[in-house]
Amino acid sequence: MRTSQYILATLKETPSDAEIVSHQLMLRAGMIRRVASGLYTWLPSGLRVLRKVETIVREEMDKAGAIEMLMPVIQPADLWEESGRWSEFGPELIRFTDRHNRTFALGPTHEEVITDFVRKEISSYKQLPITLYQVQTKVRDERRPRFGVMRAREFTMKDAYSFHLSEECLDATYKAMHQAYCNIFERLGLDYRPVIADTGSIGGSVSHEFHVLAESGEDAIAFSDGSDYAANIEKAEALAPNVSRPEATKELKAFPTPDAKTISELKKHYGVKPHRGVKTLIVYGTPDENDVRGLVALVLRGDHDLNELKAEKHPLVDSPLEMATEADIVDAIGAKPGSLGPVGLSMPIIVDRTANVMADFVAGANKDDEHFSGINWDRDVTNYEVADIRNIVEGDASPCGQGNLQIKRGIEVGHIFQLGTKYSEAMKAGVLSESGKNQVMTMGCYGIGVSRIVAAAIEQNNDDYGIKWPQPIAPFDLAIVPMNMHKSHRIPDIANNLYQGLKDAGLDVLFDDRKERPGVMFNDMELIGVPYTLVIGERNLDENKVELKNRHTGEKLMVDIDTAVEVIKATVKG
RNA sequence: CGGCGAUUAGCGCAGUUUGGUAGCGCACUUGGUUUGGGUCCAAGGGGUCGCAGGUUCAAAUCCUGCAUCGCCGACCA
């Protein structure tokens, strides 16, 4: 490709509405342009990267035995009503009616369409297991699109679905997909981790997320430093402390705390260290037979945070978890948030495992502007349950039993689920088994955010000059940058010959034939992140050499022109 | 959906306090100059100042409403 016949579209200045570095660099490097909030046009350079990611994903999916197909973005509402998700899905699902007043949705995912397809086409156990996939545009009306293509309203996703007769069979395919995903991220050249994940509203039992590690990631991941254990922080279990509760040594005593409504104010004004106090959060309980929700108290050590996912899975707690309003709290307890505690509380109390091994601790007295010190479990508070309801913190013992947990941030780029029969049952997708009986299929689903990978790769690979693409997904393998070509007699021929030769050798070459100053060309090539730049200048021509510069290391290699194509190909592709 | 902020040329911004013929840098066009890291000089094109209404002799500037975009949060996956 010659820059003169290309849309390089690089920007010197950073558009002001781009917050994170990948979004800024995608705009500056001429990869994307915003059309509306969460909607982007992919320019040639961006599309090249997107296509390379897709190709790697396809190759590994095919290798793992999955079969590619393509389903429509527009899906009839009937299918969604059959699965029950027409009412379950929120406004994220874009709905509309056509000229005949029939109702449709824009697909945020394709479980319904694929299940409908399979129930019609697959009728015998002999055709199972089967894994089908597509690379396709998904539409989700995100409440808050942000970070460019990282969380867009329209994006490219690889989604795969597998169908089985048994759990064991599903498990085998699930493991194969897990391996295929590892292969994909390995080949993409990214620093990634598979982590144990929550199945969320999709349902099912087993689930892993694949995260690209990056500071800007929206998710926190817990790792063991002593094993392979890694889990999304919302899923990482906080084990019961390995110590028993100390004996009570102090008496229960009330003290006035007019200036303390929070754990940090308690420390500031009264010298109570956060890990010596507990915080009491009031949430709504599971509705009773009359659909009335009571209140439930959650008690955590002062320096710990509530894990809402864990809490709402507790049978006493309503799901989704909802914090009680101040009015309801005052009504039930007679004190405002800021002075709450477990002592004398007449509602179910759930105590976090770590809070449960505290002795002589501090908490609100359930009376405004007053706290208790010297509180002890079983002596001062008798009716309570113990559960894991907190987020793990760095240094906690790993749930796997080996090592301690560290926390890193990640960008979720893949998610695999064992779905079970949620969709196949609702949509009556069965096959005839060996014994001639109809049997509902068991399903798995496997997603990769293809367009998100492009942004995530940049988050992980950039410097002050621009993007540093891993070679497998770079828009170009190398750039030819001739010095003052239009002034030279020798350079145009050499540059053109090398361009042709390198293209014929199978490399993606960007030939910068603009009449620009060298600095402009160097800067552009570094900005768009081409891994190698071949500099052709009068300076080295007398020795019959050209210069190959590595974007990642800055190393310069002098290459003899006569053998340049072979040497460069070996270097770039090696 | 709640809170905050922004909206002036393709991009980045000033001008708004105190109403008086719309500016700067980059980019673009033309000519010259320069040429191994974003040259320099000159000339030029490009804007119903987000939209609608109001106040005023006069509105980018003051008032009201709306829209769009972004940030934080909640929500969702």
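By convention in this document, chain letters (A, B, ...) are assigned in the order of the sequence lines, proteins followed by strands, and residues within each chain are numbered from 1.
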A/Tyr446 and A/Tyr181 aromatic centres sub-6.0 Å: no
Upstream residue (5' side of RNA chain B) when A/Glu13 and A/Glu412 are each assigned their closest nucleotide: A/Glu13
Sugar-phosphate, base or nothing in reach of A/Gly537, heavy atoms under 4.0 Å: base
Option from A/Ile467, A/Asn523, A/Leu510, A/Leu25 for which side chain to side chain contact (heavy atoms under 4.5 Å, CB included) with A/Ile528 holds: A/Leu510
Opposite nucleotide pairing with B/rC71, Watson-Crick or G-U, both atom distances under 3.5 Å: B/rG3
Nearest-Å distance for atom pair CD/P, residues A/Glu322 and B/rG73: 20 Å
Atom-pair distance (CZ on A/Arg151; C1' on B/rC75), nearest Å: 11 Å
Polar contact flag, side-chain donor to acceptor under 3.5 angstrom, A/Arg2-A/Tyr499: no
Check: B/rG37 base within 3.5 Å donor-acceptor of A/Asp524 side chain: no
Candidate nucleotides B/rC69, B/rC11, B/rA77, ranked by approach to the side chain of A/Arg34 - the nearest: B/rC69
Whole angstrom value for the distance that separates C1' of B/rG70 from CD1 of A/Ile20: 14 Å
B/rG10 pairs with, by Watson-Crick or G-U criteria that keep both distances under 3.5 Å: B/rC26
Partner nucleotide, any strand, of B/rU33 [Watson-Crick/G-U, under 3.5 Å]: none
Polar contact flag, side-chain donor to acceptor under 3.5 angstrom, A/His110-A/Lys138: yes
Under 3.5 Å donor-acceptor pair, A/Glu538 side-chain atoms to B/rG36 base atoms: no
Pair A/Phe476 and A/Tyr6, ring centroids less than 6.0 Å apart: yes
Interatomic distance where CZ belongs to A/Arg33 and C1' belongs to B/rA27 [whole Å]: 12 Å
Complement of B/rA77, any strand, by Watson-Crick or G-U distances under 3.5 angstrom: none
Selection from B/rC1, B/rU35, B/rC76 that lies nearest to any side-chain heavy atom of A/Asn484: B/rU35
Rounded distance (nearest 0.5 Å) linking atom CD of A/Glu555 with atom OG1 of A/Thr571: 10.5 Å
Pairs: protein N or O with nucleotides 39-41 of chain B N or O, under 3.5 Å:
residue	atom	partner	partner atom	Å
B/rU39	OP2	A/Arg517	NE	2.7

Comparing A/Thr14 and A/Gly38 on RNA chain B - which has the more 5′ nearest nucleotide: A/Thr14
hbond_proxy A/Glu19 side chain to B/rG70 base (donor-acceptor, 3.5 Å cutoff): no
Touch class at under 4.0 angstrom, heavy-atom based, for A/Val535 against every strand present: base
Sugar-phosphate only, base, or nothing, as touched by A/Asp141 at under 4.0 Å among non-hydrogen atoms: nothing
Sugar-phosphate only, base, or nothing, as touched by A/Lys549 at under 4.0 Å among non-hydrogen atoms: base
Basic-acidic side-chain contact under 4.0 Å: A/Arg409, A/Glu459: no
Under 4.0 angstrom between A/Ser16 side-chain N/O and B/rC13 OP1 or OP2: yes
Partner nucleotide, any strand, of B/rU18 [Watson-Crick/G-U, under 3.5 Å]: none
Touch class at under 4.0 angstrom, heavy-atom based, for A/Glu516 against every strand present: nothing
From B/rC69, B/rA77, B/rG36, nucleotide with atom closest to A/Ala36 side chain: B/rC69
Ion pair A/Asp388/A/Lys313, N-O distance below 4.0 Å: no
Pair A/Arg490 + A/Asp542: basic N to acidic O under 4.0 Å: yes
Counter-base of B/rU61, judged by Watson-Crick or G-U geometry with both distances under 3.5 Å: none
B/rG47 - base-pair partner by Watson-Crick or wobble geometry, distances under 3.5 Å: none
Under-3.5 Å donor-acceptor pair between A/Lys12 side chain and B/rG25 base: no
Atom pair distance, as rounded to whole Å: CD in A/Glu312 and P in B/rC76: 8 Å
Side chain of A/Arg146 - closest among B/rC76, B/rG38, B/rC71: B/rC71
Sugar-phosphate, base or nothing in reach of A/His486, heavy atoms under 4.0 Å: base
Closest nucleotide among B/rC69, B/rC75, B/rC71 to the A/Ser37 side chain: B/rC69
Integer-rounded Å distance: B/rU34 C1' and A/Lys515 NZ: 11 Å
